There are 2 protein chains.
Amino acid sequence: MKHILNKNTQEVLQAAQKQCQQQGLRFTTKRSNVLQLMLNENKSLSAYDIMAEYKTQYNQSISAVSVYRMLDFLIHAQFVHKLISSSQYIVCSHITCHHAHEIPQLLICDTCHQVEEISIGKLLASELEANIAASGFKLQRQQLELHGVCISCQNLH
Amino acid sequence: MKHILNKNTQEVLQAAQKQCQQQGLRFTTKRSNVLQLMLNENKSLSAYDIMAEYKTQYNQSISAVSVYRMLDFLIHAQFVHKLISSSQYIVCSHITCHHAHEIPQLLICDTCHQVEEISIGKLLASELEANIAASGFKLQRQQLELHGVCISCQNLH
DNA sequence: GTTGTAATGTTACAACATTACATTATTTTC
DNA sequence: GAAAATAATGTAATGTTGTAACATTACAAC
Ligand SMILES: [Zn+2]
Ligand SMILES: [Zn+2]
Ligand SMILES: [Zn+2]
Ligand SMILES: [Zn+2]
């Protein structure tokens, strides 16, 4: 399976627009702006970070509530992931990919807040499932969030 | 490796007390009360839940700040786990065990908030590590939190 | 008992998130 | 194209989780 990861902002925005059209979703200017803003920043952001950046980049105030609603939209459209463990948000690395989204495994750098999104392999996924199924437990949200230090930040110190 | 999981409250409290003595930690009445309270409830609780329950069960008000501090203590003593994904707290299932604590894998029921703590196997752990190491990423916190529905709640509906 | 340290209390506030209701923009229907 | 319906956004208030700063109390060491 070939992964063509997000390359540049314009390409991703166009892909997002297209996907919304196909599904009858409204890709409004503000939603587009929020996604663009998140693409520009190369790290995870809190909703309030986004609110502040929006003001800076577009010279227009938006409310926290609106940010949360736009994030909800972007998450449902599968353009954005929420990092539960840090209450932050990050653009999905696979918007321009054409395959189904696998169980995302998010490597979150606690130093620079960059997030690497790698897919958990089929084998590993099924082992995890088996491990869990032994308890009769039925998984709902499938997303692994792992905290640590990225390779760049390791090399700095 | 044999796991003797926590059985009854008294046994666990005594084990906790003993471990604190051995390590020169103070297992104060309030800390003990909080742990006992958490053992009585068979589910994860928020800090504010604990504050309210404390008032109910011990007829004495304690502040949120104190609850957070006691939770910090109990977490450092390895008696309690924090569920990052839900901002809740749960007693470790292995207080009375005598082996080292492995990478905890917490199966969190989103219906009844009961948490099953299973250990991730050696094999699975090393596969995960390898998967992650491929990115040069260095893990810090090792705790997997998985959300879903427990077997009891599946059988209800 | 005095002194030092750890535990707890009090107050204020920061950060993240939701609810309820009003207004504006867009689409649909006629 | 105007009216009605629906979706998006704004505004205000509030809820939830968590921390900072400083005061007080309990306890141990001497
Ligand atoms: Zn993704
Ligand atoms: Zn980094
Ligand atoms: Zn544990
Ligand atoms: Zn359940």
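Keep in mind it's a predicted model, so treat the numbers as computed, not measured.
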Practice problem: Output the single nucleotide from C:dA17, C:dG9, D:dG18 whose closest atom is nearest the side chain of A:A47. | Solution: C:dA17
Practice problem: May I ask you to say what B:S87 touches in the nucleic acid, namely base, sugar-phosphate or nothing, with a heavy-atom cut-off under 4.0 Å? | Solution: sugar-phosphate
Self-check item: Any B:S46 side-chain nitrogen or oxygen under 4.0 Å from OP1 or OP2 of D:dT17
Solution: yes
Practice problem: Measure from CD1 on A:I50 to P on C:dC16 and round the result to the nearest Å. | Solution: 11 Å
Quiz item: What do the steps show when you test B:I151 against A:F137 for side-chain contact (heavy atoms from CB on, under 4.5 Å), and what is the final call?
Solution: CA-CA 6 Å; B:I151 194 160; A:F137 193 82; over 6 Å; no
Quiz item: What is the distance, rounded to the nearest whole Å, between atom CG of A:L71 and atom P of D:dA8?
Solution: 15 Å
Self-check item: Distance in angstrom units between A:R26 CZ and D:dT6 P, rounded
Solution: 12 Å
Quiz prompt | Rounded distance (Å) that lies between atom C1' of D:dT16 and atom CG of B:L45 | solution = 15 Å
Self-check item: Interatomic distance, A:Y68 OH vs D:dT11 P [rounded to whole Å]
Solution: 18 Å
Exercise. Look at the side chain of A:K82 and decide which nucleotide, out of C:dT8, C:dA17, D:dA8, has an atom nearest to it.
Key: C:dA17
Self-check item: hbond_proxy A:R69 side chain to D:dG10 base (donor-acceptor, 3.5 Å cutoff)
Solution: yes
Quiz item: Base, sugar-phosphate alone, or nothing: which one does A:F27 contact when heavy atoms must sit under 4.0 Å apart?
Solution: nothing
Practice problem: Choose from D:dG18, C:dT8, D:dT11 the nucleotide whose nearest atom is closest to any side-chain atom of A:V65. | Solution: D:dT11
Exercise. Check the distance between D:dA8's P and A:H76's NE2 and give it to me in whole angstrom.
Key: 13 Å
Exercise. Sort out for me which residue in A:T29, A:V34, A:N33 forms a side-chain contact (heavy atoms from CB on, under 4.5 Å) with A:Y58.
Key: A:N33
Quiz item: Would you say the base of C:dA14 and the side-chain of A:Y48 have a donor-acceptor pair closer than 3.5 Å?
Solution: no
Quiz item: Rounded to whole angstrom units, what separation is found between the CD1 atom of B:I84 and the C1' atom of D:dT16?
Solution: 16 Å
Quiz item: Is B:I108 isolated, or which residues cluster with it under the ILVMFWY side-chain rule of less than 4.5 Å, directly or via members?
Solution: B:L83, B:I90, B:L106, B:V115
Quiz item: Do A:Q88 and A:H113 have a side chain donor and acceptor closer than 3.5 Å?
Solution: no
Quiz prompt | For C:dA25, the Watson-Crick or wobble counterpart (both distances under 3.5 Å) | solution = D:dT6
Practice problem: Nearest-nucleotide wise, let me know which of A:A64 and A:F73 is further upstream toward the 5' end of DNA chain D. | Solution: A:F73
Practice problem: Side-chain contact test, heavy atoms from C-beta onward, threshold under 4.5 Å: evaluate it for A:Q10 versus A:Q36 and give yes or no. | Solution: yes
Self-check item: Phosphate-side-chain proximity, A:K30 and C:dA25, N/O vs OP1/OP2 below 4.0 Å
Solution: no
Exercise. Measure the distance from CD on A:Q88 to P on C:dA17 and round it to the nearest whole Å.
Key: 9 Å
